There are 2 protein chains.
Amino acid sequence: MQGATTGHRERKKAETREALRAAAIRLFLEHGPSAVTVNDICEAARVSARTFFNYFESKEAALFAWDQRLSDELASKLAARPSYEPPLTALRRAMDDTLPSFAAQTGWHARKKLFSASPELRTKIVNAVFRVEAMLVDILADRIGCPAGSLYPQLLAAATGSAFRAAFITWKPETGIKGLQALIDQAFDHLAAGLSAPAS
Amino acid sequence: MQGATTGHRERKKAETREALRAAAIRLFLEHGPSAVTVNDICEAARVSARTFFNYFESKEAALFAWDQRLSDELASKLAARPSYEPPLTALRRAMDDTLPSFAAQTGWHARKKLFSASPELRTKIVNAVFRVEAMLVDILADRIGCPAGSLYPQLLAAATGSAFRAAFITWKPETGIKGLQALIDQAFDHLAAGLSAPAS
DNA sequence: GCGAATTTTGCACTGATGCAATATTGCACG
DNA sequence: CGTGCAATATTGCATCAGTGCAAAATTCGC
């Protein structure tokens, strides 16, 4: 149980994961998500169907594999924000701090294209965002100093998820990461302004 | 294609639906959701397994069958709010107006108990709330007069869903509908106040 | 090479869905 | 009344998604 097994093993696992992810994205773009079976992906990646689910928990999960790493990063960035910041500000900054890592991910353009094209994937991202929210709740409750089951941290986390989700759905990938950044900023501005109708 | 078929047919369908719902709730409470198969439910209700999915789209969906009717009601209540009300206020009032129907539903107490007891069900309610949000987006975009893909209505709908979800999760059913009402009020107060830290 | 740890795989089973066949019900007409 | 037609509900079947479990294969450290 020595934390990280040998570098060799780690590398092979990473390769398999990447092969599955690449095959999934490629096939999804070619034929549409619903026309691709897990078996198709696995044949392309030369592994058995069962193995796929050792790496991803759903057929579509290969598309947002970044969520795992990024949500961890978001959580630690939030925990690192100074305690004098109001909660919503801390959340906003933490998200700002995490966005560069999002931008550094390979293939976000193709992924966003898939999300825009097939609405059935939207429900999947909801679940992904929801899992991040669950992490944030605990950190927020700790930060604010109230029981974990309280309304306020629950609402804060959910609202943050809403901001990201609304921004991501609205986002046109042609506008690049800057465009996404701007939408997230707008969303947080709306939240901070009590969601009153915009001037425009 | 005469809209509502004969009353006879309608009645039998309602009976089957109710039988499935009752069987599901009873068995879930007795053995826990994961220990009950769709087949178990169907044997108890004397129909085939396939029929279950003609009525509900997932095993757990029988628990929040009310969502279908209530979300329609919420949508129409929102559409009925006067146009001079700020969007968030209209949403809040619409939800207030819908809550009595929620209270009138049979068995919400048992259902909430199930939700509290088994966390795996929480992800299911997310999907249900998400579907309501999708309805609200269109109505809100229409009301505000901006394109359906805009950020603001998306965010409004998502935030409203967040408010309900946070309130519902936090809710202790012993406090009755009044308790839920109070939590929803609090959640909307938070949203209207820009989610700034509460005085307490 | 050997033993231990870990990864991969096969298998059985449940959840979920589309499709086509079947059964049931309502209704009109003789 | 009852008989047949049309609408609709139910069911079986095939298939895919997803998961736990245990056997098998692979790799690591020695």
Side-chain angles (χ1 to χ4, degrees), chain A residues 1-21 23-24 27-28 31-65 118-121 123-125 127-128 131, chain B residues 1-21 23-24 27-28 31-65 118-121 123-124 126-128 131:
Chain A
M1 206 244 262
Q2 41 262 39
T5 47
T6 331
H8 219 137
R9 209 101 201 76
E10 290 275 292
R11 190 175 54 82
K12 282 209 78 171
K13 281 198 77 169
E15 279 174 10
T16 304
R17 189 183 198 87
E18 181 56 24
L20 284 169
R21 197 188 64 81
L27 292 173
F28 281 8
H31 311 116
S34 58
V36 177
T37 72
V38 173
N39 253 320
D40 297 336
I41 301 173
C42 291
E43 280 177 23
R46 304 285 180 175
V47 292
S48 87
R50 185 64 184 83
T51 298
F52 180 91
F53 294 104
N54 290 338
Y55 286 91
F56 304 104
E57 63 182 24
S58 79
K59 188 173 66 162
E60 299 84 358
L63 293 186
F64 31 77
S118 47
E120 71 256 37
L121 289 181
T123 59
K124 293 289 177 174
I125 204 181
N127 288 19
R131 222 172 310 132
Chain B
M1 208 244 260
Q2 41 263 36
T5 48
T6 332
H8 218 135
R9 266 205 204 285
E10 291 275 293
R11 191 175 53 80
K12 283 208 76 170
K13 280 199 77 170
E15 280 174 7
T16 303
R17 190 184 199 85
E18 181 56 22
L20 285 169
R21 198 188 62 83
L27 292 173
F28 280 8
H31 310 115
S34 59
V36 177
T37 71
V38 173
N39 254 319
D40 297 336
I41 301 173
C42 291
E43 282 177 21
R46 305 286 179 174
V47 293
S48 87
R50 186 63 184 83
T51 298
F52 181 91
F53 293 103
N54 290 337
Y55 286 90
F56 305 104
E57 65 182 23
S58 79
K59 187 173 69 162
E60 299 84 357
L63 294 186
F64 31 77
S118 47
E120 71 256 35
L121 289 181
T123 58
K124 292 289 177 175
V126 176
N127 287 21
R131 223 171 309 132

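Letters A, B, ... are given to chains in the order of the sequence lines, protein chains preceding strands, and every chain is numbered from 1. Please read these numbers as outputs of a predicted model, since none were measured by experiment.
Using a 4.0 Å cut-off between charged side-chain N and carboxylate O, B:K13 and B:E10 make no salt bridge.
At whole-Å resolution of the value, CD in B:E10 and P in C:dT24 are 20 Å apart. Rounding to whole angstrom units, NZ of residue B:K13 and C1' of D:dA7 are separated by 12 Å. As rounded to whole Å, 14 Å separates atom C1' of C:dT22 from atom CG of B:N54. In this entry the distance linking CZ of B:R50 with P of D:dC13 reads 14 Å, nearest Å. Distance CG (B:L63) to P (C:dG15): 14 Å, rounded to an integer number of Å. For A:D40 and D:dC16, the CG to C1' distance is 11 Å, given to the nearest whole Å. Between the CD atom of B:E60 and the C1' atom of C:dT14 there is a distance of 12 Å, given to the nearest Å. To the nearest angstrom, P of C:dG15 lies 5 Å from NZ of B:K59.
A residue-by-residue look at B:K12 and A:F52 shows that B:K12 has its nearest nucleotide of DNA chain D further toward the 5' end.
Note that the CZ atom of A:R17 and the CZ atom of A:F52 stand 10.0 Å from one another [nearest 0.5 Å].
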Trace of the side chain to side chain contact (heavy atoms under 4.5 Å, CB included) decision for A:I41 with A:F28
CA-CA 9 Å; A:I41 301 173; A:F28 281 8; 4.0 Å; yes
Stepwise salt bridge (charged side-chain N to carboxylate O under 4.0 Å, His left out) test for B:E15 and B:K12:
CA-CA 5 Å; B:E15 280 174 7; B:K12 283 208 76 170; over 6 Å; no
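Closest contact between the side chain of B:T37 and the listed nucleotides D:dA17, D:dT11, C:dG15 involves C:dG15.
A close approach under 4.0 Å does occur between a side-chain nitrogen or oxygen of A:Y55 and OP1 or OP2 of C:dT8. In this model, the phosphate group of D:dT10 is approached by a side-chain N or O of B:T16 to a distance below 4.0 Å at OP1 or OP2. In this model, the phosphate group of C:dG26 is approached by a side-chain N or O of B:H8 to a distance below 4.0 Å at OP1 or OP2. A:T51 has a side-chain polar atom (N or O) that falls below the 4.0 Å cut-off from OP1 or OP2 of C:dT9.
Among residue pairs with one or both ends in residues 39-50 of chain A, none qualify as salt bridge (Lys or Arg N to Asp or Glu O under 4.0 Å); sequence neighbours excluded.
In terms of polar N and O atoms assigned as donor or acceptor, the side chain of B:R9 comes within less than 3.5 Å of the base of C:dT25 in a complementary pairing.
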